[in-house]
Amino acid sequence: MSTYLLTFVGPVTQARVELQALLKRFPKAFFVEKSKSEYEVSADFSFSQQISGYTQWRVQPIRVAA
């Protein structure tokens with residue numbers, strides 16, 4: 001598992017709606033809310049590859065497993 005910081009790029013009011021979609025799409029990922037538009041996520045490597053296609057989210061690796 002690796003840890004990423006997800007930042008929602010858009011209206012803060014829309015962040016939770018988009019987060020719900022991610023929770024359904026990635027049920028094995030563990031999300032922790034850091035602020036209204038930032039979430040720390042523990043997930044496998046494929047998560048970062050898949051989430052990079054979501055333009056409304058900016059992904060920053062925090063801790064990547066080897």
Side-chain angles (χ1 to χ4, degrees):
M1 285 266 183
S2 298
T3 305
Y4 307 93
L5 181 64
L6 283 184
T7 304
F8 184 72
V9 181
V12 174
T13 55
Q14 190 67 23
R16 290 230 173 182
V17 173
E18 295 297 330
L19 175 65
Q20 289 176 348
L22 292 181
L23 290 169
K24 290 178 183 175
R25 174 102 169 110
F26 303 102
K28 293 183 181 181
F30 181 73
F31 292 79
V32 176
E33 185 175 24
K34 301 306 247 176
S35 72
K36 291 183 179 185
S37 62
E38 287 189 337
Y39 302 88
E40 190 172 295
V41 183
S42 293
D44 59 16
F45 181 72
S46 67
F47 171 83
S48 68
Q49 293 176 321
Q50 293 177 36
I51 198 74
S52 64
Y54 289 65
T55 57
Q56 67 270 37
W57 293 99
R58 186 172 62 227
V59 182
Q60 179 181 6
I62 297 174
R63 190 175 37 246
V64 178

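Along the sequence shown, residues carry numbers from 1.
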Name the atoms and distances for all side-chain donor-acceptor pairs under 3.5 Å in residues 22-30, with sequence neighbours left out.
from : atom 1 : to  : atom 2 : distance (Å)
R25  : NE     : Y54 : OH     : 3.0
R25  : NH2    : Q50 : OE1    : 3.3

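For F8, the ring pair (Phe, Tyr, Trp, His ring centres under 6.0 Å) criterion is met by W57, not counting sequence neighbours. Remark: R16 pairs with E33 by the salt bridge (charged side-chain N to carboxylate O under 4.0 Å, His left out) rule, at least two apart or across chains.
Taking each heavy atom of Y39 and A15 in turn, the nearest pair found is OH-CB, 4.2 Å. Across P61 and Y4, no two heavy atoms sit closer than the pair CA-CD2, 3.8 Å. The two atoms that bring M1 and D44 nearest to each other are SD-N, 4.0 Å, heavy atoms only. Pairing each heavy atom of T7 with each of E38, the nearest pair is OG1-OE2, 3.5 Å.
Tracing side-chain contacts under 4.5 Å through hydrophobic residues (I, L, V, M, F, W, Y), one reaches F45 starting from V41; they form part of the same cluster.
To the nearest 0.5 Å, atom CD of residue Q56 and atom OG of residue S37 are 13.0 Å apart.
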